[in-house]
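Down below is the structure, laid out as structure tokens.
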Amino acid sequence: MAESTEVRNLVYLVTGGCGFLGEHVVRMLLQREPRLSELRVFDLHLGPWLEELKTGPVQVTAIQGDVTQAHEVAAAVAGAHVVIHAAGLVDVFGRASPETIHKVNVQGTKNVIEACVQTGTRFLVYTSSMEVVGPNIKGHPFYRGNEDTPYEAVHKHPYPCSKAQAERLVLEANGREVRGGLPLVTCALRPTGIYGEGHQIMRDFYHQGLRLGGRLFRAIPASVEHGRVYVGNVAWMHVLVARELEQRAALVGGQVYFCYDKSPYKSYEDFNMEFLGPCGLRLVETRLLAPYWLLMLLAALNALLQWLLRPLLLYAPLLNPYTLAVANTTFTVSTDKAQRHFGYEPLFSWEDSRTRTIRWVQAMEGSAQ
Ligand SMILES: NC(=O)C1=CN([C@@H]2O[C@H](COP(=O)(O)OP(=O)(O)OC[C@H]3O[C@@H](n4cnc5c(N)ncnc54)[C@H](O)[C@@H]3O)[C@@H](O)[C@H]2O)C=CC1
Ligand SMILES: CC(C)CCC[C@@H](C)[C@H]1CC[C@H]2[C@@H]3[C@H](O)CC4=CC(=O)CC[C@]4(C)[C@H]3CC[C@]12C
């Protein structure tokens, strides 16, 4: 940890600071950024847990706001030294319209960039996603790839499209002159599938398993590897790169970094079982019962039902053609770019990450433990 005798004079803004990742970034900043004097937490929905953070040495300012509203963003950004833009509409289930996803993820990001330029904020970290790269619609595997691995990134789904556009805007803004005449320094972090305390989909799988008598049924072949990264390490990467943006502007500015740690390469379901297994669930092999063509049929049926029922109700199950394609395509990362550029090492070992996540599942309401 850095020296605690450093002067506290920095103002940080975290957009989406009450989300799954955002909360971890907020808590990590308070623990690991000794130069912090004020932390602004901007979100559409503020969490009650923010109150308990207001008693420490750092001024925690909760701002209820909408990134699609340029004036609200500008007011929050004014006077901040660093912005971590983690707010986003994460929807691959068809809950929100493509227009809403675009508005939040693309227009919202434009608003953040313009606010930095207008108010003179120089450092911007954007939470991008592996989805900016892939899996692509052709289902090409991305096996242990890095930031320079050639890959045909072709998207159709609104979520990856919006993240790709927003990331491009952030990178193109690197070097723009901000108010006061100095250049803006930006970079983008691309997490793979994040897991850890607060992960909604893990929660959903757990409850589904309990409803099914402690069983989950394998849908995806165990040979398909899916990249995962612990939320605490993703948060740590954000804190570290934000800290280094000023000192290493020439190297880090305009760059993208995959988020990685020592989590093992496994299929999506086998990886989830690392936590759900110790909490009493078991994964039942069903390859013969549910061949892939049947899953595709079910996914297509779900999409059709979603469309038919839309005027009446929101039907948004986990399985749809897009989630099936993502879950069924190998996408794993092997890189050390963040280590080389800004000295990143995972803060949490795989054992720690696993233990913390298991404890969180065990503490969940309705837990079998
Ligand atoms: N969950 C994952 O596996 C991954 C997430 N990401 C990215 O990480 C970021 C955070 O994602 P999560 O924490 O998982 O999602 P989340 O949904 O838990 O957090 C997003 C936060 O943004 C806020 N937000 C949404 N619309 C807003 C608006 N119009 N104005 C202000 N705040 C708004 C939400 O209220 C929420 O608190 C997102 O940008 C997402 O694209 C990237 C890769 C993987
Ligand atoms: C029942 C199905 C066959 C399996 C369902 C699993 C899916 C819900 C999830 C499998 C892969 C996930 C995505 C992946 O981790 C990459 C992501 C990155 C993001 O930026 C946002 C979330 C997500 C799209 C994530 C969403 C759930 C899966 C599709």
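In each ligand, atom 1 is the first atom listed, and ligand 1 is the first ligand listed. Along the sequence shown, the residues carry numbers beginning at 1.
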When distances are taken from atom 25 (C) of ligand 1, the protein heavy atom at minimum range is Gly88 O, 3.4 Å
Which of the atoms of ligand 1 are close to Ser129, meaning less than 4.0 Å from one of its heavy atoms?
42 (C), 43 (C)
Closer than 4.0 Å to some heavy atom of Ala327 - which atoms of ligand 2 meet that?
10 (C)
Pairing donors with acceptors under 3.5 angstrom, does anything connect the side chains of Tyr195 and Ser263?
yes
NZ or CZ of Lys337 within 45° of Tyr257 ring axis and under 6.0 Å
yes
Residue pairs meeting ring-ring contact (aromatic ring centres under 6.0 Å, His included), one or both in residues 70-116, sequence neighbours left out, come to His85-Tyr126
Do any nitrogen or oxygen atoms of Tyr159 lie less than 3.5 angstrom from nitrogen or oxygen atoms of ligand 2?
yes
Side-chain donor-acceptor contact under 3.5 Å, Thr149 with Glu147
no
What atoms of ligand 1 come closer than 4.0 angstrom to any heavy atom of Gly65?
30 (N), 31 (C)
Please list, in number order, the atoms of ligand 1 under 4.0 Å from a heavy atom of Thr127.
7 (C), 8 (O), 9 (C), 39 (O)
Where ligand 2 meets Ser129 - atom numbers and elements under 4.0 angstrom, heavy-atom basis:
18 (C), 19 (C), 20 (O)
Check each atom of ligand 1 against the heavy atoms of Thr192 and keep those under 4.0 Å away; list them by number with element.
43 (C), 44 (C)
Would you say the side-chain atoms of Gln306 and Asn302 include a donor-acceptor pair closer than 3.5 Å?
no
Asp66 heavy atoms within 4.0 Å reach ligand 1 at atoms 28 (C), 29 (N), 30 (N)
Just let me know how Tyr159 lines up against ligand 1, side chain, backbone, both or neither, with a heavy-atom cut-off below 4.0 Å.
side chain
Looking just at side-chain N and O atoms, do His238 and Thr127 make a donor-acceptor pair shorter than 3.5 Å?
yes
Among all the protein's non-hydrogen atoms, which is closest to atom 23 (C) of ligand 1, and how far away is it?
Asp43 OD1, 3.4 Å
Side-chain donor-acceptor pair under 3.5 Å between Gln200 and Asp204, yes or no?
yes
Arg248 NZ/CZ over Phe342 ring centroid, <6.0 Å and within 45° of normal
no
Backbone, side chain, both or neither: what part of Gln200 comes under 4.0 angstrom of ligand 1, heavy atoms only?
neither
Interfacing atoms of ligand 1 (cut-off 4.0 Å, heavy-atom, Val90):
11 (O), 15 (O), 38 (C), 40 (C), 41 (O)
N or O contact, Val67 vs ligand 1, cut-off under 3.5 Å
yes
Any idea which atoms of ligand 1 are less than 4.0 Å away from a heavy-atom of Ser128?
6 (N), 7 (C), 42 (C), 43 (C)
Can you tell me which portion of Ala86 lies within the under-4.0 Å heavy-atom range of ligand 1? Options are side chain, backbone, both, or neither.
backbone
Pairs of nitrogen or oxygen atoms closer than 3.5 Å, one from Glu131 and one from ligand 2: do any exist?
no
Quick check on Lys163 - does any of its heavy atoms sit under 4.0 Å from an atom of ligand 2?
no
May I ask whether Tyr322 places a heavy atom under 4.0 Å from ligand 2?
no
